[in-house]
Amino acid sequence: LLGYREDERAEVEVMGMVAGCARERGDEGRALGAAERCVGAALRARARSGGGAEEEKAREAMDVCWREAFEVVKRFGSGTGEEGKGSTELDRKVTLLARALELCPPDQIPSILPLYTTLETKQLSTRKAILSSRHSASRVRVKDKDGKGRGGGGGGSLTSRLHESLAHVNVPSPTLPLSNASSLAS
């Protein structure tokens, strides 16, 4: 694709340029996708580097990559993407920024970390809201045709509701004479 055949350094440069153009045009989806491909190529370059010139190429690729990943997330970090995709887009941004932290030089970590912690906090609150809405939806009582309640209603946690519903179940336990038990063990 685009003439970089198996050359991760070239792929990083091309994907970095694509991500930069998409970022400048305000195309969040393409910018994130290109930045993710850029990260993938940089990680492959780092894995293949065996030292010398290859290691220098990998370092250059990582430098291009972490900068573009950071810029893309910085540009689109405050929003959560299209409606209905908010959690997924936010997850992509947090992952991309985590990769930027992994690939950047140590002296650049303080410039990336505040945005990362902000997005991570937003991600956690989004997940809590999703779990809370799922939990409250599971507690909604549904009425059957006789008007009696059924379904996930009732108070308390799932564990306490299961305990209440299983309290009336009587499961007999088989009792074996000790002489039979020893013969079964052998």
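Only a predicted model underlies this, so the values are computations on that prediction, with no experimental measurement involved.
With respect to the salt-bridge test (charged N to carboxylate O, under 4.0 angstrom), the residues Glu54 and Arg48 do not qualify. Look at Lys57 and Glu8 and you find no salt bridge, because none of the NZ, NE, NH1 or NH2 atoms lies under 4.0 Å from a carboxylate O. Classification of Glu55 and Arg59 as a salt-bridged pair holds, one side-chain N sitting under 4.0 Å from a carboxylate O.
Nearest heavy-atom pair, Ala45 versus Ala58, reported as atom, atom and distance to 0.1 Å: O-CB, 3.6 Å. Minimum interatomic distance between Ile112 and Cys104 (heavy atoms only, all atoms of both residues): CD1-SG, 3.8 Å. Pairing each heavy atom of Val12 with each of Ala41, the nearest pair is CG2-CB, 3.6 Å. Across all their heavy atoms, Cys38 and Gly16 have their closest contact at SG-N, 4.1 Å.
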Next item on the list: Could you please spell out the steps behind the salt bridge (charged side-chain N to carboxylate O under 4.0 Å, His left out) verdict for Arg67 and Glu71?
Entry: CA-CA 6 Å; Arg67 289 178 190 278; Glu71 290 299 321; over 6 Å; no
Next item on the list: Evaluate the side-chain contact (heavy atoms from CB on, under 4.5 Å) criterion for residues Leu103 and Arg46: first the C-alpha distance (whole Å), next the side-chain angles of each, then the deciding distance (0.1 Å), finally the verdict.
Entry: CA-CA 10 Å; Leu103 297 173; Arg46 184 175 69 180; 3.8 Å; yes
Checklist line | Working for side-chain contact (heavy atoms from CB on, under 4.5 Å), residues Asp63 and Gln108 | finding: CA-CA 11 Å; Asp63 190 55; Gln108 295 298 318; over 6 Å; no
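Grouping the Ile, Leu, Val, Met, Phe, Trp and Tyr side chains by contacts below 4.5 angstrom, directly or via other members, places Trp66 with Val72. Residues Leu124 and Val94 do not share a hydrophobic cluster, defined by chaining ILVMFWY side chains whose heavy atoms lie under 4.5 Å apart. Under the 4.5 Å side-chain heavy-atom criterion for ILVMFWY residues, a single connected hydrophobic cluster contains both Leu96 and Met62. Leu113 and Phe70 fall within the same hydrophobic cluster, where Ile, Leu, Val, Met, Phe, Trp and Tyr residues are linked whenever their side-chain heavy atoms come under 4.5 Å apart, directly or through other members.
In summary, of the residues considered (Leu115, Thr121, Thr117), a side chain to side chain contact (heavy atoms under 4.5 Å, CB included) with Leu119 occurs for Leu115 alone.
The shortest side-chain heavy-atom distance between Glu11 and Arg44 falls under the 4.5 Å cut-off. Between Arg9 and Val64, the closest side-chain pair of non-hydrogen atoms falls below 4.5 Å. Annotation: side chain of Glu102 is in contact with side chain of Leu43 (closest heavy-atom distance under 4.5 Å). Residues Glu68 and Arg23 have side chains in contact (heavy-atom distance under 4.5 Å, counting atoms from C-beta outward). Between Leu101 and Leu97, the closest side-chain pair of non-hydrogen atoms is not below 4.5 Å. Counting only heavy atoms from C-beta outward, the side chains of Asp91 and Gln123 approach each other to under 4.5 Å.
Distance check, rounded to the nearest 0.5 Å: CD of Glu36 to CE of Met15 gives 12.0 Å. In this structure, OG1 in Thr95 is found 10.5 Å from CG in Leu32, a value given to the nearest 0.5 Å.
With hydrogens and angles disregarded, a donor-acceptor distance shorter than 3.5 Å links the side chain of Lys93 to the backbone of Phe76.
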